[in-house]
Trainee: 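Below are the structure tokens for one structure; questions will follow.
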Amino acid sequence: MFLLHQKTAVVTGGGSGIGKEVCIVLAKQGAKVYVVDLSEQSANETVDIIKKEGGEGKSIVIDVTNQKALMAAYNSIEAIHILVNCAGISHIGNATSTEEQDFEKLFNVNVKGVYNSLHAAIPIMQKTGGGAIVNISSIVAKVGVSDRFAYGMSKGAVHAMTLSVAKDYIKDNIRCNSISPGRVHTPFVDGFLKKNYPGKEAEMFDKLSKTQPIGRMGKPIEIAHQVLYLCSDEASFITGSDYAIDGGYVTLNS
Ligand code: NAP
């Protein structure tokens with residue numbers, strides 16, 4: 001089950017955290033994986049791990065906000081069966097404290113970046129004969145979380161784009177789903193704590209861990225396994241869905 005031999009996968013944000021683990025898991029299952037990331041070093045590190053484990057991987061060093069460059073890079077790939085849009089950034093602020101340039105940055109990376117990736121990959125997936133797309137949204141698209149105005153906006157848009165793509169390309173045998181993780185321990189969380197709670201990182205880490213009723217943050221591998229399922233032929237009846245993977249955050253935090 002869940003084998004991906006003869007399949008090619010493209011994963012944005014594949015150099016770190018959730019995306020990195022997704023790349024490693026998809027490659028282990030037999031997919032050839034294109035690791036898309038801003039950082040050459042991070043992308044190459046993921047490819048090195050894939051190759052050490054006997055898999056096939058290639059780096060694409062690119063900023064997902066750059067449509068022209070992303071189109072050129074994806075167009076050099078002959079077939080795309082799997083697309084996972086993971087690249088993303090965080091931000092803290094409410095509607096009044098969020099500065100225009102921060103709002104635009106969140107929009108550019110988390111919304112336009114996903115649009116660019118879909119825009120570039122879907123025509124290739126159509127030619128490939130279909131495939132599976134997974135977009136990484138967040139619990140903040142479902143529930144009000146304090147000070148996540150711009151970030152929540154971006155993740156709500158990811159969910160809406162997922163529904164649109166699932167509807168428009170169902171005839172092309174393309175399935176599109178999203179995943180809404182709770183807090184997952186990755187460099188994203190560590191960087192966020194360092195930037196926003198300097199000197200109080202350990203205390204805040206503990207506090208954020210406990211906001212999941214299960215009592216801890218998720219692990220990137222737990223998200224990667226759900227991505228694997230949604231990308232596999234075993235999930236062939238699933239499209240237009242969003243999956244919570246959040247230790248009970250959305251449904252049990254009453
Ligand atoms: P991460 O460890 O920071 O990984 C994100 C990756 O995306 C990094 O390698 C980063 O590169 C890359 N990236 C950022 N901007 C990019 C751009 N413009 N072009 C290309 N690559 C870019 O974060 P993560 O925690 O794994 O998060 C992955 C996704 O899950 C994000 O969309 C995030 O919003 C979502 N998510 C995370 C959590 C969580 O608690 N961790 C919860 C819910 C949803 P650099 O490191 O070089 O900047």
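Sequential numbering from 1 along the given sequence is applied to the chain's residues. What you see below is based on every heavy atom in this structure, not just the backbone, and it leaves out hydrogens, waters and symmetry mates. First listed ligand is number 1; within each ligand, the first listed atom is number 1.
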Trainee: Keeping to residues at least two apart or across chains, list the salt bridge (Lys or Arg N to Asp or Glu O under 4.0 Å) pairs with something in residues 218-237.
Mentor: K7-D233, R216-E222

Trainee: Is there any protein N/O under 3.5 Å from an N/O of ligand 1, and what does the full list of such pairs look like?
Mentor:
residue  : atom   : partner : partner atom : Å
ligand 1 : 2 (O)  : S16     : OG           : 2.6
ligand 1 : 9 (O)  : D37     : OD1          : 3.3
ligand 1 : 9 (O)  : D37     : OD2          : 2.6
ligand 1 : 11 (O) : D37     : OD1          : 3.0
ligand 1 : 18 (N) : D63     : OD1          : 2.9
ligand 1 : 19 (N) : V64     : N            : 2.9
ligand 1 : 21 (N) : L38     : N            : 3.4
ligand 1 : 25 (O) : T186    : OG1          : 2.5
ligand 1 : 26 (O) : I18     : N            : 2.7
ligand 1 : 32 (O) : C86     : O            : 2.9
ligand 1 : 32 (O) : K155    : NZ           : 2.9
ligand 1 : 34 (O) : Y151    : OH           : 2.6
ligand 1 : 34 (O) : K155    : NZ           : 3.1
ligand 1 : 40 (O) : V184    : N            : 2.8
ligand 1 : 40 (O) : V184    : O            : 3.3
ligand 1 : 41 (N) : V184    : O            : 3.1
ligand 1 : 41 (N) : T186    : OG1          : 3.4

Trainee: Please identify each residue that fulfils side-chain contact (heavy atoms from CB on, under 4.5 Å) with D246, with sequence neighbours left out.
Mentor: I139, A244, Y249, V250

Trainee: Parallel, tilted or perpendicular, judged at 30° and 60°: which one describes the rings of F2 and Y229?
Mentor: perpendicular

Trainee: Can you find a side-chain donor-acceptor pair between S178 and N135 that sits under 3.5 Å?
Mentor: no

Trainee: Got a list of side-chain donor-acceptor pairs under 3.5 Å for residues 194-208, not counting sequence neighbours?
Mentor:
residue : atom : partner : partner atom : Å
N196    : ND2  : F192    : O            : 2.9
E201    : OE1  : G199    : N            : 2.9
D206    : OD2  : K210    : NZ           : 3.0

Trainee: For the pair D172 (side chain) and I174 (backbone), establish whether a donor and an acceptor sit closer than 3.5 Å, ignoring hydrogens and angles.
Mentor: no

